[in-house]
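Working notes for the structure below.
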Amino acid sequence: MMTSDLTTDRPAEAGTADPDWWRGAVIYQIYPRSFQDSSNDGVGDLSGIIHRMDYLARLGVDAIWVSPFFRSPMRDFGYDISGFRDVDPLFGSMGDFDALIHRAHELGIRVLIDLVMSHTSSDHRWFKESRSSHENPKADWYVWADPKPDGSPPNNWLSIFGGSAWEWESERMQYYLHNFLIEQPDLNFHNPEVQEELLNVARFWLDKGVDGFRLDVVNFYFHDKELRDNPALAPEFRNDNTAPSVNPYNFQDHLYDKTRPENLVFLQRLRAVMDEYPAITSVGEIGESQRGMETQAAYTSDGRLHMAYDFDFLANAFPSGSRIRHILERFDRIVTQGWACWAFSNHDTVRYSTRWNLSEAQKKLYAAILMTLKGTVCLYQGEELGLTEAYVPYDDLQDPYGKRFWPRFKGRDGARTPMPWSQDHNGGFTDARPWLPIAVEHVERAVSVQERDPNSTLSFYREFIAFRRRFPALSKGALDILRADDDVYAMVREHEGERVFVVFNLSASEQVVKLPEGAWAPCEAVPFEAAFDGPEVRLPPHQGAFAVASGE
């Protein structure tokens, strides 16, 4: 049973509070397969999430984002949906989902679900009907095209998972489009019936009580009707924001297979559906390397999405002070109507502590930096434990993406290994063989171990999330960057008269930084070591400090 302190300083029960609750919220991403197994089949499930809901309340998060749990053949582990209104039996039942919503709301935690609308599984009944002939009622629900005269695909579009984005279907004697796996055919959003059906899917889950959606690959909904070839992209403009560098997907400028202008109208329709319900939010995942922020600006303006999930800090490039400044100032300059949603890790990327090769002190430092950026924050499960990327041998690999590009790209399984809850068998995740092996080094950082250590990474996250909640300026306030270089990142956050000075020492040597003009009082209960001395603050390596303008 939960204790009374779990809801201390938490907002009112979800669904009854501020419709703008999402501005500055801390959202915790759960990958259900790897969170907690309650049925002992080696795979996490919805009941497991309910079992660990008290842990999330103690962590202090405002909301959870639950990755797909819909009916699926699991070729892409839930992102290949065969039933939009069904819970896959692997994860439990619809009753389990209802109980999850109830328990989360009881603790003041909102629930976002991962809505995958750009494609379905090839096992979906819609696709089975669509492929059967040219005349059936769903014949135009997917993207079909005739071959070129020589029998080759209709254009040069590539799949993110490797190879052509077109697959030959012998029943229809046509190609169908798949931006991801061959078994993930793309829906045809140019068909009004498809749009209506997907809007009704959104209504179904809103009626179930969800508080919003994370919208998977939201810029992939529409394709160019003329099926024009994508132009080549010059090598100097290629990056690894959307696909790994070994993937020829990066060789194209994806002008015609995604991010089409027709999507703007559909997103307005989707927002109108969400606006029928109170206090709903949306986070769009925009897979766009060349025009990412420009697309964010369009997708979060004029009554479309609430937020877009930004990829700049999910890249390999180390976030120096100057890079942080560049990203934040560019966002404010380009995304003038939107609200940022920042993340350092997720289920598709190498965990940031490994990606940036961080020390223990740096893990805490960058956690604090993430949670003081202007915008909403997404944390990925295990991030609060300081987990590194796990090594998964090829024989244990599950991810088809990793199998396709091994060994130069090892796939996404290293970020998806099960959550270590204890030092018991299989880390307390399951009594069965887990679907992915649990890293030995993760068990050493288990929740049960860190909960006993007031200096642990987990303790730091709990303290800092609570500290962030004390000062609305840190979650909602305007941002004035005072210094940003290889050594120091300093700023002032301001909201409704509250001004907070924030400074981080990014270097391995002590730094002395002057406070801004005026009277400043050091903030108490900050989990950092720093010494204030009159108008200056002395920062040990990889430490931070906070001060609030006096009288506030």
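Just so it is clear, the model here is predicted, and its values are computed rather than measured.
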Using the six-membered ring of Phe251, assess whether NZ or CZ of Arg238 lies under 6.0 Å from its centre and within 45 degrees of the ring axis.
yes
So, are Arg214 and Asp216 salt-bridged, with charged N and O less than 4.0 Å apart?
yes
Under a 4.5 Å cut-off applied to non-hydrogen side-chain atoms, are Ile101 and Lys208 in contact?
no
Treating Asp211 as the side-chain partner and Ala279 as the backbone partner, does any N or O pair qualify as donor plus acceptor under 3.5 Å?
no
Strictly under 6.0 Å, is that where the ring centroids of Phe91 and Phe35 end up?
no
Report yes if some heavy atom in the side chain of Tyr142 is under 4.5 Å from a heavy atom in the side chain of Arg131; otherwise report no.
no
Among Leu46, Ile30, Leu100, Asp45, whose side-chain contact (heavy atoms from CB on, under 4.5 Å) with Phe69 holds?
Leu46
Between Arg172 and Asp146, does any NZ, NE, NH1 or NH2 come within less than 4.0 Å of an OD or OE carboxylate oxygen?
no
Start with the C-alpha distance between Thr281 and Trp21, add both sets of side-chain angles, then the distance that settles side chain to side chain donor-acceptor pair (under 3.5 Å), and finish with yes or no.
CA-CA 9 Å; Thr281 194; Trp21 65 267; over 6 Å; no
Answer yes if the ring centres of Tyr309 and Trp65 are under 6.0 angstrom apart, and no otherwise.
yes
Tell me whether the centres of the aromatic rings in Trp205 and Phe97 are closer together than 6.0 Å.
yes
One thing to verify: whether Asp96 and Arg103 come together as a salt bridge, which I'm taking to mean a side-chain N less than 4.0 angstrom from a carboxylate O.
no
I want to know whether Tyr352 and Tyr366 have ring centres closer than 6.0 Å.
no
Which of these, Arg412, Arg351, Arg355, Lys410, sits in a side-chain contact (heavy atoms from CB on, under 4.5 Å) with Glu389?
Arg351
Are Phe84 and His124 an aromatic pair, judged by ring center distance below 6.0 Å?
yes
Can you name the residues that form a side-chain contact (heavy atoms from CB on, under 4.5 Å) with Pro393, not counting sequence neighbours?
Tyr391, Asp396
State whether Glu197 and Arg85 are salt-bridged, where the test is any N-O pair (Lys NZ or Arg NE/NH1/NH2 against Asp/Glu carboxylate O) under 4.0 Å.
yes
Under 6.0 Å between ring centres: does that hold for His254 and Tyr249?
yes
Phe409, Tyr79, Phe180 screened by ring pair (Phe, Tyr, Trp, His ring centres under 6.0 Å) with Tyr401, the one that passes
Phe409
